[in-house]
Amino acid sequence: MAATEERLRKLVDDNLEIDGRTAGEPLDPDRNIAEAGVPSTDIVAFWKLVNEEFGVDIPAEEFAGLLTPAALVAYLDANAA
């Protein structure tokens, strides 16, 4: 899980601006990025990056339910190549 979480944090740091969070800080595992000020267009771009980085093909509808780091890490640990 730590490796997945670290890779995910790097993707977030490089691609998203989350209200109240500075790049490099640990991710709040239960904070929904949509509720943290991330625009939907950025979430769509991030979904594509996650699919590419982790070698998965998460359906958009399913990704919409994985917008907390904890949920996304759990999904990736269970399904990543």
Side-chain angles (χ1 to χ4, degrees):
M1 177 168 147
T4 302
E5 187 174 347
E6 184 61 28
R7 288 170 64 194
L8 185 63
R9 186 193 56 77
K10 178 151 177 40
L11 279 181
V12 169
D13 287 350
D14 292 346
N15 298 284
L16 299 178
E17 288 187 30
I18 296 176
D19 289 346
R21 182 182 177 272
T22 303
E25 289 181 356
L27 297 172
D28 179 340
D30 300 316
R31 188 167 188 203
N32 184 307
I33 62 172
E35 297 170 1
V38 178
S40 60
T41 53
D42 289 352
I43 292 173
V44 170
F46 184 67
W47 162 62
K48 292 176 182 179
L49 287 169
V50 168
N51 282 329
E52 183 178 313
E53 171 71 21
F54 290 93
V56 294
D57 188 17
I58 305 170
E61 301 80 22
E62 194 166 353
F63 191 79
L66 301 172
L67 295 181
T68 66
L72 190 51
V73 167
Y75 180 93
L76 292 169
D77 281 344
N79 297 287

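Owing to the predicted nature of the structure, the values given are computational and were not obtained by experimental measurement.
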Strictly by side-chain hydrogen bond (donor to acceptor under 3.5 Å, both in side chains), give each pair with a member in residues 23-33 just once, sequence neighbours left out.
none

Residues pairing under salt bridge (Lys or Arg N to Asp or Glu O under 4.0 Å) where one sits in residues 8-21, two or more places apart or in two chains, turn out to be E6-R9, R9-D13, K10-D14, D13-R21

Qualifying residue, where the test is side chain to side chain contact (heavy atoms under 4.5 Å, CB included) with F54 and the options are L72, L11, N79, D77:
L11

Measuring only between side-chain heavy atoms, which start at C-beta, is F63 closer than 4.5 Å to I43?
yes

Closest non-hydrogen contact found for I58 with L76 is CD1-CD2, 4.4 Å

For P39, what residues pass the side-chain contact (heavy atoms from CB on, under 4.5 Å) criterion, not counting sequence neighbours?
T41, D42

Taking side-chain hydrogen bond (donor to acceptor under 3.5 Å, both in side chains) as the cut-off, I'd like each qualifying pair that reaches into residues 44-65, sequence neighbours left out, listed once.
R7-E53

Nearest heavy-atom neighbours spanning I33 and F46
CD1-CD2, 4.2 Å

For A71, the side-chain contact (heavy atoms from CB on, under 4.5 Å) test, sequence neighbours excluded, returns L66, T68

